Structures are given as structure tokens and as C-alpha cells.
Amino acid sequence: MTFESSGAGSLGPTGEKELATHKLSFDTTGAGGLIGLHVVNLIFMALTLMVYRFWALTRVRRAVWPRMRLDGSPLEYAGTGLEIFLGFLKVFILILLPYLFASNWINANVLDPQLGLDPAFFALYLLLGIGAVFLLSAARFLAYRYRVNRTQWRGIRGSVGGAAYLYGVRVLVCYFLILISLGVLKPWADIRIQQYRIEHTKFGGRPLAFEATARGLWLPYLVFLAFYLGFLGCFLVPYLTLFGEVIAASLSGNPDTTTLELNTKNINHAAIDISFGLAFVFALCAGLAYLNYLVVFWKNVVGKIRFGRARFSFQPTRWQVFCLFLGNALIVNLTFWLLLPIAWLRKGKFLARHLVILGELDEDELVQAEFDTGTTGEGFLGDFDLA
């Protein structure tokens, strides 16, 4: 693939200076080598009971990162397998083991087999759930920070400030507001979560700026929410109706068993079939509507990022995103993950084709960020590409 750029700017038809356009390029050649690397990694992970996956991940990133080029210069990945392995050990010892012990203790001491669900059991499990969301969110932030810090271009590194626990608290607050608003506030919450990441990210010492607004997201999301509620209604109403009749008949003391059996039979063979059919239609529409929301969301987010005098544009069509997701899902699942590198290449090419940087980067003003030697890796999240 070749790099395309308009250079430092030129005069347009009106005599005004046009913004310089920097287009990314991504090299998709040599897929066989990546597949071979992937197969070797799978073999070594099997032989080492998955311990090798930390080094396998590093080898993959060092092979894929340089394929992405900006202004003809490749990205570089400076992370190591040892760092990620030490990060995993830290997470496993300090977080996973205590969580497993606490969960087992609750199961053994709070849940009474004779009495069933105990309020204390419910309360403790709720706390464990909140803690799990907090820890997962904080770990996602740490994984993001590690990858940005270990990525460089022309010798200039990225860096991420902020605190993982503050990010975790923000996620908890946003999720709580989504819950009490019955899902309506999700666009606002999604923007606020991304805002913390973006505004604490720097490249060469220069921070990214972000206009945090959910304008343009509400209609696509509400369309998805309407389809989703329709799915829930069609899926749950027959069961609620059936069990409601059973409970009412039992409490009456003299149930009309003939009518109850007839209604139950009708619900099972007619209403449930129709309801499940409608639920399937609503679920399909909800999936497509959510995909549309994601496309609009990321266009919104990327378009509101500023880097000094430069800004960003991300303009794929919904059909292009759908084909990317569907194609990668088929490639990965039909080949039992053996052709996963093809999905990597397709995603890289997609990003390079649709992400555009407009304006001057002012490289001379960028400074080298201090290398984060204290970072031990991204824990267990980055290994599964969750963050």
C-alpha cells in the first residue's frame, strides 16, 4: 500500500490555505507470515499451559504495529512479554485470588441451604458485583495506558495520565445513572467515560482535547432502545402471563383447572410461538440499530478530538462497518481461530482507510514523554483484547 498526503497545505480555489491531510496507510502483505506466527504462538501456548501467551501477544504487536504508517513512518511497539506477565501476576495475586476466596466464603457461610436466599447473601454478592465492575474498569484503563505508553512514532511516545481508581469510580457512577434512568442516559454516560481516557492522553507531551457532548447520539440510541424494549416485552410477557395465572389460581383456593389448562395450552402453542417470532425480529432490529449507534458514536467521538492544530475525521459507512464485523466473525469462527491474523489485517486496513488527520501536527513542538519504567504491564485484559 502507498501513503497519500497533501503535504503541509496548499492554496485552494478561494486563495485560502487548505488544511494538510495526513492519511494513514496499512501494509496488508505477508499474511502468510502472520498466520505462521499465530500458529507457532498457539503451539507454544498449548505446550506451556498458556503461560507463553504474554510473549505471544508481544510478538504479534511487534509484527502488526509497524504495518501502520503515518507520513511514511511506522508505529513501533516497545512493550515486552515480561512486563505483561508481571502485570498478570500482580492482578492475579492482589485481585483475582482475594475475589475468589471472598466468593467461596460467601457461598459456604451466608447461603443457607435450608432457608434459601438470605438478605446478607444478596447484599454481599451485590458488593462483590460492584467491586468486580470497578476493578475491571480500572484494569481496562491500565491496559489502555500501558499500550499507549509503549507505542511510539518517529521516536516520540504516547503517555496517559489520570488515575485508574478515578476512572473506575466514573464508570460506576455512569452505570448507576444508566440503571436508574432505565438505559436512557447511556449516550451521555458513554461520552463521559471516553472523555476521561482522551483528555488524559498525550503524545509527545501535547494533550488531546475533546469536546464532550452527546449531541447527535440520542436519536440512534433511542431507536435501539425501543427495539430492545420490544424484544424484552415479546420475550417475557407470555411467561409472566402464564405464571400470573398459575399463581392467581393457586391463591384463590378453588381454581378453575379446566380454564387454566386451556389458557396454558393456548399460551404454549399460540401466543408463545408468535411472541418468540416477534422477539426474534425485534432482536435483529435491535442489533442493527445498536451497530448504527456505534458507528454514529465513534464518528462523533473521533470528530471532536483535537491535537493542537490538528483534528480527526472518521467516516465509514454503516454498510462498511457491518461487512467488517460480519466478515471477521465468519473468518475467525469458521476457521476455528486459525485465520485470526486475517481479521487483524482487515481491521488495520479499515482503520487506515477511514481515519484521517487534518491540520498541522507541528512535530517540532513535540517533546519526548518520560518513559514509564514503573509500569509492569496490562494485567490479564490486554491478552484477550478486551481493553
Side-chain angles (χ1 to χ4, degrees), residues 129-130 132-134 136-138 140-141 143-144 166-201 208-237 275-306 311-329 347 350-351 353-356 381 385-387:
I130 293 174
V133 172
F134 171 80
L136 180 62
S137 301
R140 288 171 67 91
F141 182 80
Y144 168 74
L166 291 178
Y167 179 80
V169 170
R170 173 174 290 218
V171 171
L172 281 179
V173 171
C174 287
Y175 283 3
F176 175 73
L177 293 176
I178 292 173
L179 181 64
I180 63 175
S181 68
L182 301 180
V184 173
L185 289 180
K186 188 176 187 302
W188 177 88
D190 288 344
I191 289 292
R192 289 298 178 272
I193 291 173
Q194 289 298 323
Q195 178 188 16
Y196 192 88
R197 283 190 176 199
I198 294 171
E199 292 185 346
H200 286 87
T201 301
L208 297 177
F210 180 62
E211 179 187 353
T213 173
R215 186 170 55 252
L217 299 180
W218 294 106
L219 181 58
Y221 177 74
L222 290 177
V223 170
F224 155 74
L225 188 60
F227 282 125
Y228 180 70
L229 292 177
F231 161 74
L232 288 181
C234 291
F235 192 80
L236 296 177
V237 165
S275 185
F276 278 175
L278 290 175
F280 175 78
V281 173
F282 275 117
L284 181 61
C285 292
L288 294 175
Y290 193 70
L291 178 64
N292 176 63
Y293 167 73
L294 290 179
V295 173
V296 176
F297 175 79
W298 284 111
K299 285 183 177 181
N300 180 291
V301 168
V302 174
K304 289 181 170 58
I305 297 176
R306 298 292 182 269
R311 58 187 178 86
F312 299 81
S313 176
F314 184 63
Q315 296 297 326
T317 65
R318 292 159 180 79
W319 175 248
Q320 289 169 331
V321 175
F322 176 77
C323 291
L324 175 70
F325 285 173
L326 179 61
N328 283 352
K347 287 193 291 185
F350 182 88
L351 180 62
R353 176 180 298 174
H354 298 290
L355 179 62
V356 179
L381 287 175
D385 201 24
L386 293 175

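In this chain, numbering begins with 1 at the start of the sequence shown. Here the structure is a predicted model, which means the values were calculated and not measured.
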Would you give me the side-chain donor-acceptor pairs under 3.5 Å for residues 278-286, sequence neighbours excluded?
none

Side-chain donor-acceptor distances from residues 172-181 under 3.5 Å, at least two apart:
from: Ser181; atom 1: OG; to: Leu177; atom 2: O; distance (Å): 2.8
from: Ser181; atom 1: OG; to: Ile178; atom 2: O; distance (Å): 3.1
from: Ser181; atom 1: OG; to: Val184; atom 2: N; distance (Å): 3.4
from: Ser181; atom 1: OG; to: Leu185; atom 2: N; distance (Å): 3.2

How about Arg306: does its CZ atom have over 12 heavy atoms from other parts shown lying under 6.0 Å from it?
yes
Close side-chain approach of Val321 to Phe350, heavy-atom, < 4.5 Å:
yes
For the residue pair Phe314 and His354, does the interplanar ring angle fall in the parallel (under 30°), tilted (30 to 60°) or perpendicular (over 60°) class?
perpendicular
Under 30°, 30 to 60°, or over 60°: which ring-plane class applies to Tyr228 and Phe224, parallel, tilted or perpendicular?
parallel
Using only atom types and a distance under 3.5 Å, with no angle test, would you say the side chain of Asn300 pairs donor to acceptor with the backbone of Ala214?
no
Under the side-chain hydrogen bond (donor to acceptor under 3.5 Å, both in side chains) rule, collect the residues that match up with Tyr167, sequence neighbours excluded.
Arg197
Is there side-chain contact between Val296 and Tyr221, with at least one heavy-atom pair below 4.5 Å?
no
Calculate, to the nearest 0.5 Å, the distance between atoms CD1 and CD belonging to Ile191 and Gln195 respectively.
8.5 Å
Distance in Å, Glu211 CD paired with Ile305 CD1, rounded so as to fall on 0.5 Å steps:
11.5 Å
Sorted by chain and number, sequence neighbours left out, salt bridge (charged side-chain N to carboxylate O under 4.0 Å, His left out) with Glu199 holds for none
What one should report as the nearest heavy-atom pair of Leu217 and Phe297 is CD2-CA, 3.5 Å
Rounded distance (nearest 0.5 Å) linking atom CZ of Phe141 with atom NE2 of His200
6.5 Å
Nearest heavy-atom approach of Val295 to Pro316 is CG1-O, 4.1 Å
Run the salt bridge (charged side-chain N to carboxylate O under 4.0 Å, His left out) test against Lys186 and tell me which residues pass, sequence neighbours left out.
Asp190
Any side-chain heavy-atom pair from Val169 and Phe134 closer than 4.5 angstrom?
yes
If every non-hydrogen atom of Val301 is compared with every non-hydrogen atom of Phe210, which pair is closest and at what distance?
O-CE1, 3.4 Å
From Arg318 atom CZ to Leu294 atom CG, the distance as rounded to the nearest 0.5 Å:
11.5 Å
To the closest 0.5 Å, what do you measure between CZ (Arg353) and CG (Leu324)?
10.0 Å
Specify the closest pair of heavy atoms between Asn292 and Pro220, including all atoms of both residues, with the distance to one decimal.
ND2-CB, 3.7 Å
Can you tell me how far CG of Leu291 sits from CZ of Phe322, rounded to the nearest 0.5 angstrom?
7.5 Å
Side chain Lys299, main chain Thr317, donor-acceptor under 3.5 Å:
no
Who passes side-chain hydrogen bond (donor to acceptor under 3.5 Å, both in side chains) against Thr201, sequence neighbours left out?
Tyr144
